[in-house]
Each structure stands twice: as C-alpha cells, then as structure tokens.
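Take a look at the structure set out below.
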2 protein chains.
Amino acid sequence: MAKMTTLSDELAGQEPGERLRPTMRDVAALAGVSLKTVSRVINAEPAVSAELLTRVQRAIDQLDYRPNLTASSLRRNDGKTATVGLVLEDLANPYSAAVTRAVEDAARPRRVTVVAGSVDEDPDRERALVREFVARRVDGLIVAPTASDQSYMIGDRRAGTVLVFVDRPPKHLDADVIVAANRDGAMDGVRHLLAGGHRRIAFLGDLSTISTASERYGGYLEALERAGLPVDDTIVRRDLRSVGAAQAAVEELLHLTVPPTAIFAAQNVLGIGAFAALRGQRRQFDVALVGFDDFPLADLLDPGVTVVAQDPVAIGRLAAETLFRRLDGDRSPSTVQVVPTRLIVRGSGEIAPPVD
Amino acid sequence: MAKMTTLSDELAGQEPGERLRPTMRDVAALAGVSLKTVSRVINAEPAVSAELLTRVQRAIDQLDYRPNLTASSLRRNDGKTATVGLVLEDLANPYSAAVTRAVEDAARPRRVTVVAGSVDEDPDRERALVREFVARRVDGLIVAPTASDQSYMIGDRRAGTVLVFVDRPPKHLDADVIVAANRDGAMDGVRHLLAGGHRRIAFLGDLSTISTASERYGGYLEALERAGLPVDDTIVRRDLRSVGAAQAAVEELLHLTVPPTAIFAAQNVLGIGAFAALRGQRRQFDVALVGFDDFPLADLLDPGVTVVAQDPVAIGRLAAETLFRRLDGDRSPSTVQVVPTRLIVRGSGEIAPPVD
DNA sequence: TTGAAAGCGCTAACAA
DNA sequence: TTGTTAGCGCTTTCAA
C-alpha cells in the first residue's frame, strides 16, 4: 500500500475544475482491498465475498469510477478490443449508412463497438483507413474494397485481424465476401423490360473497372443475348459517375434518330439522373426506366421508379455475422455469400414501347 | 537484451498460419537497437541517425510491424486516444449520416477516428453508448440528446471528456451545443405560406416533448400571431411519429368541413407522409405544403416539395470544430451555436389557396 | 476467498 | 545521439 498515491495527491497541477479519472487503484485504496479484488468486481468474477463486493461497489460509486477498456484489452490474453472497423464508400450515402446500421445492430449484443470511415473511391484512403483501424487493433474489418489490390492486408489477417468484404470481392486476397446478385439482378431488370415488349433498351453504367458495374453490364448483355437481340453500342453509356453525367447521357439518347424505348440504369445515382432527364424532357411517361439499387422516395416519384433493389441491411448483417463467426474460431474455407436482389415494380418499368 | 524473447519463441501454440503481431521489441531486436530508438522512428522524432533509421525501417518492413495505438495512448502523458464518439439518433437516417460524415471530414486532418452508435430515441441506449465510449476513453463525445437529463455525464466532463451536443440542448448540464434555427425556420416556412395568401394552415408535429418539435410549433404559433390569425386546434396535429401517422393525419384534415388550404409539416418524415397523402388523394396540386428538413429527391417529386432546410453538414462540422477547440484547451464559457435554416422553393409551397 | 508480483506494448524522464 | 528504467491501468499467474 505504500506506493499508492491518493486521488488528491494526483490532483495537483490539474486544470481548474478538472479532476483526474480515478483508477482501479484509487477504488481499491478507498475500499481497503487489493487491486485484484476490484478487478474481480468489475468483471463480475464470482469469487468475491458479499462484504467486499458492497465495499467495492460503494467506492466505485463514490469515485464515479469508469473502467478503462483500452488498458483492459491491452493486458488481456486474447488481446481483443471488442471493436470492428468499417471501411465503406461514403458514410453519408444511403447504402453505406444502411450497412453501418446493420453492422451496429449485429454488434450490439456482443458489446462490440463500430469505428467507421469513408473511402470516397480513393485507394490511398482505403489503405490509410485500414492502417489506422489496425493500429487501433480492431478485432475485424468490414471493407468495401476500392483499391485494385487488397494483398496489403495479408499480414494483418495473419496477425489475427478478421477480414470480411462487402459489395465487391477483394483482389489478390482470399477472404469472405458478401455481394449482391449483380449479374442476375441486372438480368432480371432487363428481362422485365423485354417482357414488356421493349427491343431497344439503353444501358447506363458506372465505371467499368468497378466489378459490380461490369457484372451488371454482363447481366444486361446476357439478357439481350438470350432474347436473341443484338447489342447496339450507340445506346450503351458506361463510365458514368454522377447524377449529372447520367442526365446528360439520357438527354443525348433521347435525341438519337432511333432513340431507345427503355432505359436500364445500372446504379442508384444513374437511375436518379435518368429520371431527372426524362422528367426534364417531359418524357417520364413515354420512356420506360428500370434502375439498379433502390433509393428513398422512389415510390413517391411520378411515375414510381421500378428498381432492382439490393438489400444493404442483409449485406451488413451477414458481414457482421460472418466476422463474428470467424472471431469465434471458425477456420473453414472462405465463402462468397450472394444476397439476392428483388424487382420492385412501381410504374416506370411498365411503360409500354410506342407502337409504330 | 537478455529478457527479450524472439518472435519465433512466441509463435509456439499459435493457430496454424496465424502469427503473433510483432512488437516494438521484436523490431528493436532485429534492428539491433533499443526499444526507444524504434519508438523514436515510429513517432518521427528527429534525434535518430540516418544509419539507425534505415536499419529500423528495414526491420519494420521485414516484420510487417504495425504500431499499437492503444498501448501508445495508454502510456502517453496526455492520455488522448485520438477518438471521438458519436451518439446519434440513427446512423441510417440521412440527418445522422450527414452529421457523421461531416464529423469524419473534420476529424481526418487531425488523424482522429470516429466511433458511432444509434440511440433510436431510447434514453437507456444513450446512457449505455456514452458509458461504452467513455470506457474506450474517447477524447470527446458528440451527442444528440434523447434522455430527459444529461447530468449523468458531469463526472465524465470533469474527468476531461469533451462534450458537445447537437440538434437539441442537453438538460441539467451546461455544455456547447449546435442547433438548427428551429423556431425561426418554422416561422419562415409558415410566413411563406401566409405570404402566398393562405389563412388556414395545418401543422404537423413530432412528439411535443422533443425540444426541436416544440420550438418549431412555437415558430408556427408566432407566425400566425404576427399575422393576426387565431390558432385553430382542429388543424394542429402533434405527436406524430411516422410517415404513416402523418399520412393518416393529412387524410383526416382533407375531410374536414373546412379543410386547410396549406400544410406545414414540421419534420422530415412528416413532410414525406403529407406528400404521400396529398398524392394519394390527388390533391398535391391543390393543397400547399412546406416541410421542415430537406430530404433526398424532394426536387424530383411533382410538385417539388418546398422545405425549410437544415444544414446537418454545417452542424456536424461546427460540432467537431468546437470539440477540437476545447481539446486544444479553450476554457471559455460554453456556447450555443445556431445554424440558420434555408427556405428552398420548389413548387409545393407556392400553390395558391382556392378563391371562394 | 484474497492478494502480491509480473507484464501487455508503449512513452516519459533521465542518464550516458 | 542512444539507451535504461519506470510505469500508463489493467489482467494474469500464482501463492497464501
């Protein structure tokens, strides 16, 4: 007990009104027990007598003691921090936000905390966030990969950090991944338009280097092929990166000599841009539109926008569950989980082609 | 050097293929220098000779060493973890998501990481999240308060945790807060309708116990009063908690003997519900609507929805800046920062009352 | 049931 | 410029 300083000793030199946080030692001193007894109380270990327990409890309340989880996890044998890191596209977009929330909900019962960051399609930022989260010793990472190579994480995985990927598979790294059924979903959307009688269906796509974008394009091609239709490159617009780009592309398409009678917009933002363009030209009731990725209020637009909806909540939940299963010791081979899409019919996709 | 174990010593008993993370000691041993020299290199302290620097760098690369920030911050004098905790309503809703993103952006240049959680209007959850984040020794907390009393955080603030509140002021606790101009914004919205000639303006409001909701109601009352109009309680619907509730309320209002000619929906979700109801009754071009809180795609609806927009990005940015200023030692009295709202005219709010 | 001593990975303070 | 020693707040190990 000789080495123990009291709280009031430590107060010297503090900012006015500021008080050092009491430690377990302070609690132990006040309760007149050893450090280890306090530790036992905090961790609800059974072997503590009723009397010491109340004495310790009282000291904890009196000092307003808060356990220090970082110190605890540093010393613990398993070294786990009860933290998962989320490396997503943009925490402000509805997709990333839904994934984050789903992971949070899956993590809560395990008392695991979520740290999150936005990559904004910047590979350097992806690496920086991974580094940062690893430096904080997260138990696992859920990553929507942007960089062209994820092999830089191999060392971290070997050191015990669990890696789960969402949205796109990692490259040069074998790990669990949860993806939407991009190809099948796109096929569904295009076949829906084909079933409605359309034969001239434009395609709007995101950056071709993004795997989800190229898979959706693949689905478009396959749907046309199965219908015995040729691909007309003049109505295929890829590498579109914004609402504005999609809007401009659709305006162009509408002015072609033989314009498309339907549009398949293979991404969230592009669907919105396409709708805006159609509405701007007052053609929203003439030209059919199916989007990939649902968006808020798609049902309140006029016409409601028919979409192939992803399920980001399911993706986030599965990612978290997979991560926790690995943390619990599952060493089976890595898996690819494909979350099905769902066609939501709202009007825009059911517009018939003009009879000529 | 005698006490040093090597990495291979530690490998015994590891999972197959799993390897313990190398520590500074391992790096020091491999580079043939002292622990402190490695620490100097990691922290980019200047006093290291070029030769040792390269030797250490090489060892770091060879071992794929990753610094442990939790250990570092435990030992550091300031005890700072370079982490801020966000306790928000629901990370999946656009408002919380925008705040989160803005905080992330403000935190990035300081290499501060964001941990976040959703409260879902549950006071117990608010307390649990605060406890959890404090246990992780976040440097500061940004909280959108839900509980009826925030005095439980006083001890944490005294212990040095910086507290900043957003959206609503804390109760029984004096701290910095960033809020939207709820009262003035609501007044603006209602006055816009009054200026358009409306004399019978319905009010839709969230739970009256929420301070933002009651302030917006106050703005509505004041606007009417200044215009010399009485308040008609039959067209005031408060305590609405969902899209559906707002929708039902509007449907009722439309069936009154003397229905309102305009609706002021004092919250995001309620504005959406009101629009859905008007559209469902095909009255969206007859009855004027102004909402509080912008929402995605409000401009693409028909008519576009006129709103009093909050600025969650500014709120998040100001909250983070205020938090960091406090961390940097600012001890001035706590402040209330009011972020102005902005009326965005899109059509629904400019519908004229019927001439009778 | 309780406690003393050691040490998790790192930085502070000081010495060489 | 480099290294040694102590110790951040906690858990582990082992002894009483």
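Order of the sequence lines sets the chain letters (A, B, ...), proteins ahead of strands, with each chain counted from 1.
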Could you tell me whether the phosphate oxygens of [N], OP1 or OP2, come under 4.0 Å of any side-chain nitrogen or oxygen in [X]?
X: A/Thr70; N: D/dC10; value: no
X: B/Thr23; N: C/dG9; value: no
X: B/Thr37; N: D/dG3; value: yes
X: A/Ser34; N: C/dT2; value: no
X: A/Ser39; N: D/dT11; value: yes
X: B/Ser49; N: D/dT2; value: yes
X: A/Asn77; N: D/dT13; value: yes

Checklist outcome for this item: Judged by nearest nucleotide, the residue sitting upstream toward the 5' end of DNA chain D, B/Val48 or A/Arg75, is B/Val48
Next on the checklist: Closest-nucleotide mapping onto DNA chain D: is A/Lys36 or B/Lys36 further toward the 5' terminus? I mean the 5' end.
Outcome noted: B/Lys36
Next on the checklist: With a 4.0 Å cut-off on N to O distance, would you call B/Asp120 and A/Arg101 a salt bridge?
Outcome noted: yes
Next on the checklist: I'd like to know if B/Lys171 and B/Glu126 make a salt bridge, using a cut-off of under 4.0 Å between side-chain N and carboxylate O.
Outcome noted: no
Checklist entry - Counting N and O atoms only, with roles assigned by atom type, does the side chain of B/Thr70 sit under 3.5 Å from a partner on the main chain of A/Thr70, one being a donor and the other an acceptor? => result no
Nearest whole angstrom, please: distance from the [atom2] of [N] to the [atom1] of [X].
X: A/Asn68; N: C/dC10; atom1: CG; atom2: C1'; value: 14 Å
X: A/Asp78; N: C/dG7; atom1: CG; atom2: C1'; value: 16 Å
X: A/Leu35; N: D/dC14; atom1: CG; atom2: P; value: 18 Å
X: B/Leu74; N: D/dG9; atom1: CG; atom2: P; value: 7 Å
X: A/Arg25; N: D/dG9; atom1: CZ; atom2: P; value: 7 Å
X: B/Glu45; N: C/dA13; atom1: CD; atom2: P; value: 12 Å
X: B/Met24; N: D/dT2; atom1: CE; atom2: C1'; value: 15 Å
X: A/Glu51; N: C/dT2; atom1: CD; atom2: C1'; value: 13 Å

Checklist entry - Under 4.0 angstrom, heavy atoms only, what part of the nucleic acid is A/Leu69 near: base, sugar-phosphate, or nothing? => result nothing
Next on the checklist: Considering every strand and a 4.0 Å limit on heavy-atom distances, what is the contact class for B/Ile42: base, sugar-phosphate, or nothing?
Outcome noted: nothing
Checklist entry - Stepwise, does the side chain to side chain contact (heavy atoms under 4.5 Å, CB included) test hold for B/Val177 with B/Val164? => result CA-CA 6 Å; B/Val177 55; B/Val164 175; over 6 Å; no
Item to check | Contact check, side chains of A/Gln62 and A/Gln57, non-hydrogen atoms, under 4.5 Å | outcome: no
Item to check | Under-3.5 Å donor-acceptor pair between A/Arg40 side chain and C/dG3 base | outcome: yes
